Amino acid sequence: MCSAPGLTRRHPGDNLARLTPRAAPTRAARSQQASLAAFLAQKARFDAMVAELQQMSDDHFGADPEAFLWARAETLAHWNSRLASVTDAYFKRGEFAA
């Protein structure tokens, strides 16, 4: 009988067979699948936001050309700066340059 909980020994080397690297890929594969699912969920969220941004742009960000105010331009400048930090980080520009 083996002293490790949950392991029974039929032959002297049986407990070693259960602890070999063959068990690790199963856990690694599950982890890989979970991380891929999480990534794909975040990508779907990102793609939905990009589609909404395109819709906002197509609608000229709700701005009425007849009653345009500086506040709309300021708001759009602020949004652009936030988006620029994302694109700059990905493309390694500006403060993110290597």
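Numbering starts at 1 and runs along the sequence shown. Small disclaimer: the values here were computed from a predicted structure and weren't measured. Only this structure's heavy atoms are used, side chains among them; waters, hydrogens and symmetry mates stay out.
- Interatomic distance, CG of L40 versus OG of S35, reported as 9.5 Å (0.5 Å rounding).
- Checked against side-chain contact (heavy atoms from CB on, under 4.5 Å), Q54 has the following partners two or more places apart in sequence or in another chain: S57, D58.
- The CZ atom of R82 lies 13.5 Å from the OG1 atom of T87; values are rounded to the nearest 0.5 Å.
- For the atom pair CE (M49) and CZ (R45), the distance works out to 4.5 Å, reported to the nearest 0.5 Å.
- Side-chain atoms of T75 come within 3.5 Å of backbone atoms of A71 as a donor-acceptor pair (strictly under, hydrogens ignored).
- Looking at residues two or more places apart in sequence or on another chain, you find a side-chain contact (heavy atoms from CB on, under 4.5 Å) between L76 and F61, W79, N80.
- If you chain together ILVMFWY residues whose side-chain heavy atoms come under 4.5 Å of each other, L69 ends up in a group of its own.
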